[in-house]
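The first residue in the sequence is number 1, and the count goes up from there. Indexing begins at 1, ligand by ligand and atom by atom, following the structure's order.
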Amino acid sequence: MAMKSKVLIVGGTGYLGKRLVKASLAQGHETYVLHREEIGVDIEKVQMLLSFKQQGAHLVIGSFNDHQSLVKVVKLVDVVICAISGVHIRSHQILLQLKLVDAIKEVGNVKRFLPSEFGTDPARMENAMEPGRVTFEDKMVVRRAIEEAGIPFTYISANCFAGYFLGGLCQPGFILPSREQVRLLGDGNQKAIYVDEDDIATYSIKTIDDPRTLNKTVYIRPPQNILSQREVVQIWEKLIGKELLKSSISEQEFLAIMKDQDYAEQVGLTHYYHVCYEGCLANFEIGDGAEEASKLYPEVKYTTVEEYMTRYL
Ligand code: NDP
């Protein structure tokens, strides 16, 4: 059997990144995690890094401000996965990855790079609304740099992180499901796709040594998790044994409210708009030159929406 690739995770202390570290170790990869000098006395992050080390990961020091330090760590591995932040209400550092691309280009031995994507496919969002389109534009800038440098890649389109979307019954600004009421976005009938973040990590790691995913986009579409907001609400209602009081927010109202929010909120709201009013995640077929993760890896027992939501009971 072919040797498993050595993997470097950048952004390993993040919401998704820590799951990528766990999945990489679980799938038997020698795993390196970038320890940025700048995290200084952030005790939680240092403790997290130490726990990765206890689980068998190697911590490697480097900084985005020091090209040679990135070159040094990239040299150690075959595969680089970046999960740097890209959510404006938290932090958005997508373009910093250009420095990582420079390091990977210089080293020249990386067999696969997975940039920080893990959401809506930015290549499909040319007509996205302001100001949220910045997320897709920045991710496309990184893609172009990767492709111009001739770096082998896989782009993971992970659709909706379950924690954000299921936790809040698809309502922006909520991450815990109410037992009383819910506001439907429009008629609540547009389909979206929800994926447990641990499953996103598992599928992502599965792609790295797989020739079928080389230089392709991999969409994660667990078939049972392609549901409308109404269907998500129904699942929750069944779990709590009670119907929620429902109201609805029209497209016009949603857009009008959005205008009064600050920039970071508006970025997030435009993403919800495309997902929940336009159905941008599920309204297309996966064409040639792309793959679907649950078909490639039927052995992964993914978490269904109902299973995920039991954690809120
Ligand atoms: P986080 O906000 O949790 O941050 C991830 C990492 O970014 C951290 O580990 C941090 O590393 C690193 N980072 C932040 N600032 C800097 C900096 N200045 N220099 C270097 N590293 C930095 O990220 P998420 O897990 O929320 O997001 C990861 C990806 O997932 C993004 O592409 C995002 O767009 C996407 N996403 C998709 C969602 C969806 O529903 N589809 C939802 C949420 C995110 P350190 O600890 O070293 O500071």
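- Looking at Cys160 against ligand 1, only its backbone comes within 4.0 Å, counting heavy atoms.
- At the shortest separation from atom 44 (C) of ligand 1 among protein heavy atoms lies Val87 CG2, 3.3 Å.
- The proximity of Asn159 to ligand 1, defined as any non-hydrogen pair under 4.0 Å, is limited to the backbone.
- On a distance-only criterion, Phe161 and ligand 1 share at least one N/O pair closer than 3.5 Å.
- Here the closest non-hydrogen pair linking Asp187 and Asn189 is OD1-N, 2.9 Å.
- In Glu117, the part holding a heavy atom less than 4.0 Å from any atom of ligand 1 is the backbone.
- Ranking protein heavy atoms by distance to atom 8 (C) of ligand 1, first place goes to Thr13 OG1, 3.7 Å.
- With ring centers used as reference points, Phe284 lies under 6.0 Å from Tyr219.
- In this structure, Val101 and Ile146 approach most closely via the heavy-atom pair CG2-CG1, 3.9 Å.
- Every heavy atom of Lys18 sits 4.0 Å or more from the atoms of ligand 1.
- Scanning all protein heavy atoms for the shortest distance to atom 18 (N) of ligand 1 gives Leu96 CD1, 3.6 Å.
- At a heavy-atom distance under 4.0 Å, only side-chain atoms of Phe64, from C-beta outward, approach ligand 1.
- Looking at Tyr164 and Phe174, their side chains never come closer than 4.5 Å, going by heavy atoms from C-beta outward.
- Annotation: atom 12 (C) of ligand 1 to nearest protein heavy atom, Ile84 CG1, 3.9 Å.
- Between Thr120 and ligand 1, not a single N/O pair is under 3.5 Å apart.
- Of the N or O atoms in Tyr164, none lie within a sub-3.5 Å distance of an N or O in ligand 1.
- Using the six-membered ring where Trp is involved, Tyr312 and Tyr308 have ring planes that are tilted, between 30° and 60° apart.
- Of the protein's non-hydrogen atoms, the one nearest atom 16 (C) of ligand 1 is Arg36 NH2, 3.6 Å.
- Remark: ligand 1 and Gly14 share an N or O pair separated by less than 3.5 Å (distance only, no angle test).
- The two residues Ser228 and Lys191 have their closest heavy-atom pair at N-CD, 3.9 Å.
- For Tyr277 and Phe254, the ring centers are positioned less than 6.0 Å apart.
- Protein heavy atom closest to atom 25 (O) of ligand 1, with residue, atom name and distance, is Leu16 N, 2.9 Å.
- The heavy atom nearest to atom 3 (O) of ligand 1, considering only Met48, Glu37, Arg90, is found in Arg90.
- Within the 4.0 Å heavy-atom cutoff, Val10 does not count among the residues contacting ligand 1.
- Here the closest non-hydrogen pair linking Leu281 and Arg221 is O-NH2, 3.0 Å.
- Atom CD of Glu148 sits about 8.0 Å away from atom NZ of Lys105, to the nearest 0.5 Å.
- At under 3.5 Å, a nitrogen or oxygen of Ser116, whether backbone or side chain, sits near a nitrogen or oxygen of ligand 1.
- Under 4.0 Å is where a charged nitrogen must lie from a carboxylate oxygen, and between Glu237 and Lys246 at least one such pair does.
- Ser157 and Gly119 get closest at one heavy-atom pair: OG-O, 2.8 Å.
- Evaluated by nearest non-hydrogen atom to atom 27 (O) of ligand 1, the leading choice among Gly12, Gly11, Gly86 is Gly86.
- Heavy-atom minimum distance, Leu70 versus Lys99: CD1-O, 4.0 Å.
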